Amino acid sequence: MPGPVPEREDNLARPRERKGGDATPVTRGVLRSVTVPHPDKNWHPIALRLYKALRTSGQADFYQDSDWAFAYSLCEDLSYYKNAPGGKRSGQMLQTIYSAFERLLVSEGDRRRVRIELHEPEEESTPASVTAIADYRKDLGLA
């Protein structure tokens, strides 16, 4: 999705669905169990670190086997690029690799362009009624 990076939903004056735009219906599929391939220990340290970071990043919740295969292939290419024989590296090859990583939503800007925002997990809170009952039981000496 080309163009500027959209604002985070929190920063908008009103929700996108009320703005009247981008109301394209979503086609839904079924999530399948995923097997994440182990990284190649011989990869360049940067490629290895990036692959491991993908495994623990929030967007990985959306990855399927084909996405992991693509990530593996890209890290293999990045490792080859970083370990280029004689230190000769192609700027075009690096640009192509980085462009491909955009498809995996690696950066926050890439995710926001497709309307995916990662948020901190919400704290589980105890309802006030449960707290009040617990306090009442404590006052009565039942707790």
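Being a predicted model, the structure only gives us computed values, none of them experimental. The figures that follow rest on heavy atoms only: side chains count, while hydrogens, waters and symmetry mates do not.
Side-chain contact between Ile97 and Phe101: present, with at least one pair of heavy atoms (C-beta onward) separated by less than 4.5 Å. Looking at Trp68 and Arg55, their side chains come closer than 4.5 Å, going by heavy atoms from C-beta outward. Looking at heavy atoms from C-beta onward, Val106 lies out of side-chain contact with Tyr98 at the 4.5 angstrom threshold.
Distance alone, capped at 3.5 Å, is enough to place a donor-acceptor pair between the Arg89 side chain and the Lys82 backbone. Here the side chain of Ser99 pairs a donor or acceptor atom with the backbone of Gln95 at under 3.5 angstrom. Formation of a donor-acceptor pair under 3.5 Å by the Asp67 side chain with backbone atoms of Leu104 is not found in this model. Between the side chain of Ser90 and the main chain of Gln92, a donor-acceptor pair closer than 3.5 Å is present. Between the side chain of Arg111 and the main chain of Leu105, a donor-acceptor pair closer than 3.5 Å is present.
Residue Leu54 is not grouped with residue Val114 when hydrophobic side chains (ILVMFWY) are merged at heavy-atom distances under 4.5 angstrom, including chains of intermediate members. Taking hydrophobic clusters as Ile, Leu, Val, Met, Phe, Trp and Tyr residues chained together by side-chain heavy-atom distances below 4.5 Å, Phe62 does not share a cluster with Tyr51. Clustering ILVMFWY residues whenever any of their side-chain heavy atoms sit less than 4.5 angstrom apart, transitively, puts Ile116 in a cluster other than the one holding Phe70.
Across Val34 and Gln64, no two heavy atoms sit closer than the pair CG2-NE2, 3.6 Å. The two residues His38 and Tyr72 have their closest heavy-atom pair at O-CE1, 3.3 Å. Residues Pro39 and Lys52 approach most closely at CG-CE, 4.4 Å, considering heavy atoms. Considering every non-hydrogen atom in both Leu78 and Ala47, the closest pair reads CD2-CA, 4.0 Å.
Taken to the nearest 0.5 Å, the OG atom of Ser57 stands 8.5 Å off from the CG atom of Leu50. Taken from CZ in Arg49 to SG in Cys75, the straight-line distance is 13.0 Å, to the nearest 0.5 Å. Taking CG from Asp77 and CG from Leu94, the interatomic distance works out to 11.5 Å, rounded to the nearest 0.5 Å. Between Arg113 atom CZ and Glu108 atom CD the span is 11.0 Å, to the nearest 0.5 Å. Note that the CZ atom of Arg103 and the CG atom of Asp110 stand 11.5 Å from one another [nearest 0.5 Å].
Within a 6.0 Å sphere centred on OH of Tyr81, heavy atoms belonging to other residues, nucleotides or ligands number more than 12.
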**Asked** Where do Arg32 and Asp65 land on the side-chain contact (heavy atoms from CB on, under 4.5 Å) test, with the steps shown first?
**Response** CA-CA 9 Å; Arg32 305 199 190 303; Asp65 282 337; over 6 Å; no

